[in-house]
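The block underneath contains the structure these notes are about, expressed in structure tokens.
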Amino acid sequence: MGVIARIMHGEDVPQPVLQILGIKRINTNSDQERYRLLMSDGKYYNSYAMLASQLNEMQHKGLLTENTIVRLDKYMTSMVGKEGSGKRVLIVTELTVLKSGEEVKTKLGEPVTYENAAKPEAAPKAAPAAASAPVKKDQSYNYNNNNNNNTMNSTMNGTLNSSLTHPIASLSPYQNKWVIKARVTSKTAIRTWSNARGEGKLFSMDLMDESGEIRATAFKEQCDKFYDLIEVDNVYFFSKCQLKPANKQYSQLKNDYEMTFTGETMVQLCDDADDGGIPEIKFDLVPISQVASMENKAAVDTIGICKDVGEVQTFTSRTTNKEFKKRELTLVDMSNAAINLTLWGDEAVNFDGHVQPVILVKGSRINEFNGGKSLSMGGGSILKINPDIPEAHKLRGWFDNGGGDNISNLVSARTGGGSFSTDWVTLKDARIRNLGSGDKPDYFQCKAVVHIVKQENAFYKSCPQTECNKKVVDEGNGQYRCERCNAAYPNFKYRLLINMSIGDWTSNRWVTCFNEAGEQLLKHTAQEVGEALENDPTSAEKMFGDINFSSFIFKLRCKNEMYGDMTRNKLTVQSMTPINYKEYNKHLIKELKEMTGIGPAN
DNA sequence: CCCCCCCC
């Protein structure tokens with residue numbers, strides 16, 4: 001009997017050798033690239049063979065042309081379509097080309113379609129048990145009525161094996177008779193919601209098998225039922241979930257669909273011995289130094305030592321009024337670079353960084369701020385602490401021998417060493433482009449001259465507490481009262497809040513310098529400036545006058561702000577630095593080239 | 001049926 005017939009009966013034939021008679025791209029309703037193979041064993045051919053997407057590369061390289069002889073090193077079969085009329089599909093996950101199509105030149109034998117051959121009993125339960133791995137009955141999780149429970153057991157008991165489960169890539173809303181065998185790669189905490197449409201709780205998890213990945217979410221009752229059962233890294237059988245189109249906005253998983261648990265959903269732990277076919281999660285690890293040159297908002301997998309760890313910070317979002325907790329870690333690696341990683345919620349609260357563990361992160365998001373790049377955990381990000389992988393052990397050895405002592409490349413540093421990563425915008429263009437009118441502030445830089453620095457209201461007396469900069473009330477008795485701290489102090493600290501007019505070649509604007517920027521501007525501490533303004537007008541005059549008509553590179557924050565019922569566009573100085581002409585000229589030359597198309601390519 | 005992740 002031909003090998004194809006045996007495989008299509010459900011037999012697990014090791015490393016069958018077949019000939020490719022054709023290959024064509026399947027039209028999927030997304031940009032997912034999948035190929036269907038027409039394969040022959042010399043006696044039968046079968047067009048229900050698919051190439052796992054990780055092998056697409058072989059097709060790109062032209063290795064899978066007509067007449068090529070291949071060995072299927074790894075494959076699986078599964079039933080698709082309606083029960084009874086179901087077709088068995090062969091999915092090839094590893095193959096070796098034995099002889100190229102060019103060498104073979106011709107079709108071997110006179111194969112007929114397998115479908116035309118005498119149909120054997122093709123029902124799944126008739127499959128030989130060779131590859132089956134019995135599932136422990138007592139690990140069956142079902143919380144429904146007895147009827148469903150029976151269904152579960154008759155489906156699962158002793159007959160489930162890899163060749164009877166469906167690949168995740170084959171799931172669609174049009175077909176609900178399936179069982180998948182998948183590894184849980186991540187699981188969220190339980191989250192509650194409350195909005196106009198109601199309230200509830202949910203958690204979601206990411207599932208993976210050799211064919212692909214999918215997000216599954218359990219709401220309300222199902223959330224309670226399954227939350228404790230589902231453990232990250234375990235392999236389970238899942239069935240009877242509802243499929244619906246995935247909202248790509250919220251998931252970077254490679255699947256057009258996502259699943260929702262229903263009252264019928266069944267989940268069953270898979271024996272360790274039988275999960276060999278399900279891959280471990282893969283990390284596409286990027287050296288930290290390389291993150292500096294990656295796009296803002298890109299997803300990053302990386303690994304590093306948690307060299308420093310910050311305290312948990314609690315704050316309320318201004319836009320949503322929700323409370324958030326975060327914690328920032330500093331990761332270092334052998335690229336001699338450091339980057340900050342922000343953890344959120346319970347993950348932030350429970351994190352223990354004092355032992356400087358190895359941190360592996362998958363799918364973290366790049367956040368660019370003031371030229372520095374940081375990583376943040378977000379939807380779908382996975383954090384692993386001290387993972388047992390070679391990279392982690394290598395890092396541990398490196399770090400424990402002083403490897404992290406001289407980190408020079410601080411990827412998250414905000415004043416990124418003279419690099420001009422913030423957009424260059426002229427003062428006029430900032431107006432024309434309506435910068436600052438969005439929800440978030442815009443940041444830009446420009447070269448401008450200081451015209452006038454106002455001395456009036458250039459400072460205020462603030463609360464002496466380190467983290468409180470609130471203006472204090474002079475009670476006239478040597479006491480200064482802070483409303484925020486609800487306390488009176490015998491002392492205060494000066495803080496700067498300076499308004500000045502700056503101009504570039506297009507326009508001029510009033511901008512505000514808060515404390516640190518003000519100190520940069522006047523080259524004196526806030527204390528010195530405050531004392532001079534209060535007690536030494538001559539000295540103050542000199543401080544404020546000296547700076548006029550000097551040029552700087554200004555990094556500005558631009559945001560519309562409400563004053564009563566008026567909206568005003570405000571510019572705040574983030575930093576002002578003396579002009580590094582070598583760097584600035586580089587920028588000008590680049591602009592000239594872009595505008596004219598003249599000049600050698602860089 | 002969620003889908004929020006701030007601030008610098």
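In this structure, A:Phe315 does not count as stacked on the base of B:dC7 under the 5.5 Å centre distance and 30° plane angle limits. Using a 5.5 Å limit on the distance between ring centres and a 30° limit on the angle between planes, the aromatic ring of A:Trp193 does not count as stacked on the six-membered base ring of B:dC1.
The aromatic rings of A:His587 and A:Tyr584 sit tilted relative to each other, their planes meeting at an angle between 30° and 60°.
Residues of residues 517-526 of chain A that place a heavy atom closer than 4.0 Å to DNA chain B do not occur.
Between the side chain of A:Asn386 and the main chain of A:Val358, a donor-acceptor pair closer than 3.5 Å is present.
Within the 4.0 Å cut-off from OP1 or OP2 of B:dC2, not a single side-chain nitrogen or oxygen of A:Arg215 is found. The side chain of A:Asn195 places an N or O atom within less than 4.0 Å of a non-bridging phosphate oxygen (OP1 or OP2) of B:dC2. Residue A:Arg557 places at least one side-chain N or O under 4.0 Å from the OP1 or OP2 atom of B:dC8.
With 3.5 Å as the limit, one finds no donor-acceptor pair spanning the side chains of A:Thr165 and A:Trp178.
Judged by atom type and distance alone, A:Lys326 does not reach the base of B:dC5 through any side-chain donor-acceptor pair under 3.5 Å. In the interface, the side chain of A:Glu258 is paired with the base of B:dC2 through a donor and an acceptor atom under 3.5 Å apart.
Just one of A:Asp206, A:Asp301, A:Asp284 meets the side-chain hydrogen bond (donor to acceptor under 3.5 Å, both in side chains) condition when paired with A:Lys362; it is A:Asp301.
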